[in-house]
Amino acid sequence: MKTTHLLTSALLASLLAACGGAGDDPDPTHYDSAFTISAATDSALNGVYGNSNTPLSGVNKLERVGATDACVFSFENIPRAGGGAVAEGSVQYLQDTTTVHRLQIKLAGTTYEASPVGDSSVSRSGNAVNFVGSVIGGSPTITITGRIPMRADRPSGC
């Protein structure tokens, strides 16, 4: 009985490792996040956000029928300098491209979302997703400029 449990645990661990740790909760990393929120409908959210130990989940590859597969990860606990809001959310980008397909970011209890995300790009070699004046949300809105890191141990194509 113990052998079966150990084999099941080992198999599950190897499957998660093959997916880049997908499905896990964000854990602190050594990756820096740094971005500015501006032009927010709620001006109290404007400011510089960053964390030198950004909590990130593993990257999960999403198989999409009839469309390019996507890669997704989540982040949390990216505080605004001087206090106030803390950012958390998820990034989805298309496999083997630099296209950010979807960004969801939550600030002070409000979720902002864009799909697709203009003025953004995925840098696999830099382990980051970059934003240059990307407007997120319909109403209310925010504009993000800067970078959100991603883990280096990603599935193929991610």
Side-chain angles (χ1 to χ4, degrees), residues 16-43 45-82 84-108 110-158:
L16 288 175
C19 292
D24 57 353
D25 291 327
D27 289 319
T29 65
H30 63 279
Y31 297 113
D32 294 335
S33 55
F35 56 86
T36 300
I37 298 294
S38 60
T41 303
D42 176 357
S43 62
L45 300 176
N46 291 334
V48 176
Y49 291 72
N51 188 334
S52 61
N53 198 20
T54 306
L56 300 169
S57 72
V59 176
N60 185 15
K61 187 184 288 186
L62 302 174
E63 293 182 12
R64 301 180 331 143
V65 177
T68 302
D69 289 347
C71 307
V72 64
F73 68 94
S74 59
F75 59 90
E76 66 182 21
N77 196 26
I78 303 176
R80 191 179 102 191
V86 175
E88 63 182 69
S90 64
V91 176
Q92 186 179 108
Y93 58 95
L94 299 180
Q95 177 182 316
D96 294 321
T97 72
T98 60
T99 303
V100 179
H101 180 66
R102 180 174 172 254
L103 172 66
Q104 184 179 49
I105 186 167
K106 184 176 181 181
L107 301 167
T110 301
T111 300
Y112 302 85
E113 187 172 337
S115 180
V117 182
D119 300 317
S120 61
S121 64
V122 176
S123 171
R124 283 175 187 73
S125 62
N127 296 321
V129 180
N130 301 299
F131 303 93
V132 182
S134 303
V135 177
I136 310 300
S139 180
T141 62
I142 59 172
T143 300
I144 183 171
T145 300
R147 68 189 304 274
I148 296 174
M150 59 184 179
R151 290 184 177 198
D153 59 341
R154 300 181 296 275
S156 176
C158 288

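These numbers were taken from a predicted model, which means no experiment stands behind them.
Looking at D42 and T110, their side chains never come closer than 4.5 Å, going by heavy atoms from C-beta outward. Taking 4.5 Å as the limit, every side-chain heavy atom of Y112 sits out of range of all side-chain heavy atoms of T41. Counting only heavy atoms from C-beta outward, the side chains of V129 and F75 never approach each other to under 4.5 Å. Residues L56 and P149 meet the side-chain proximity criterion, which asks for heavy atoms closer than 4.5 Å. By the 4.5 Å heavy-atom criterion applied to side chains, V100 and V122 are counted as neighbours. Considering only heavy atoms from C-beta on, T54 comes within 4.5 Å of I78 through its side chain. Counting only heavy atoms from C-beta outward, the side chains of S90 and R102 approach each other to under 4.5 Å. Between D27 and P55, every side-chain heavy-atom pair lies at or beyond the 4.5 Å cut-off.
No side-chain donor-acceptor contact under 3.5 Å links S134 to the backbone of F131. No donor-acceptor pair under 3.5 Å is formed between the side chain of N51 and the backbone N or O of S33. Remark: the backbone N or O of G133 is paired with a side-chain donor or acceptor of T145 at under 3.5 angstrom.
In this structure, T36 has no side chain to side chain donor-acceptor pair (under 3.5 Å) partners at least two apart in sequence or on a different chain. R80 pairs by the side chain to side chain donor-acceptor pair (under 3.5 Å) definition with nothing, not counting sequence neighbours. Considering only residues two or more places apart in sequence or on other chains, E88 meets the salt bridge (Lys or Arg N to Asp or Glu O under 4.0 Å) condition with none of them. By the ring pair (Phe, Tyr, Trp, His ring centres under 6.0 Å) test, Y49 pairs with F35, sequence neighbours left out.
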* Are L62 and Q92 close enough, and set up right, to give a side-chain contact (heavy atoms from CB on, under 4.5 Å), and what steps lead you there? -> CA-CA 9 Å; L62 302 174; Q92 186 179 108; 3.6 Å; yes
What side-chain donor-acceptor pairs closer than 3.5 Å can you find for residues 63-71, not counting sequence neighbours?
residue : atom : partner : partner atom : Å
R64     : NE   : T68     : O            : 2.7
R64     : NH1  : H101    : NE2          : 3.4
R64     : NH2  : T68     : O            : 3.1
D69     : OD1  : R64     : N            : 3.1

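Sorted by first and then second residue, the side-chain hydrogen bond (donor to acceptor under 3.5 Å, both in side chains) pairs involving residues 116-127 (not counting sequence neighbours) are N127-R154.
Residues R147 and A128 share a closest heavy-atom pair of NH2-CB, 3.0 Å. Minimum heavy-atom separation, A39 to N46: N-OD1, 3.4 Å. Closest approach of G137 and T141 over heavy atoms only: O-CG2, 3.3 Å.
The CZ atom of R151 lies 8.0 Å from the OH atom of Y31; values are rounded to the nearest 0.5 Å. The OG atom of S115 lies 10.0 Å from the CD1 atom of I136; values are rounded to the nearest 0.5 Å. Atom NZ of K61 and atom OG of S156 lie 5.0 Å apart (nearest 0.5 Å). We find the CG-CD1 distance between L107 and I105 to be 4.5 Å, quoted to the nearest 0.5 Å. Going from atom SG of C158 over to atom CG of D153 covers 11.0 Å, rounded to the nearest 0.5 Å. Between I37 atom CD1 and I144 atom CD1 the span is 4.5 Å, to the nearest 0.5 Å.
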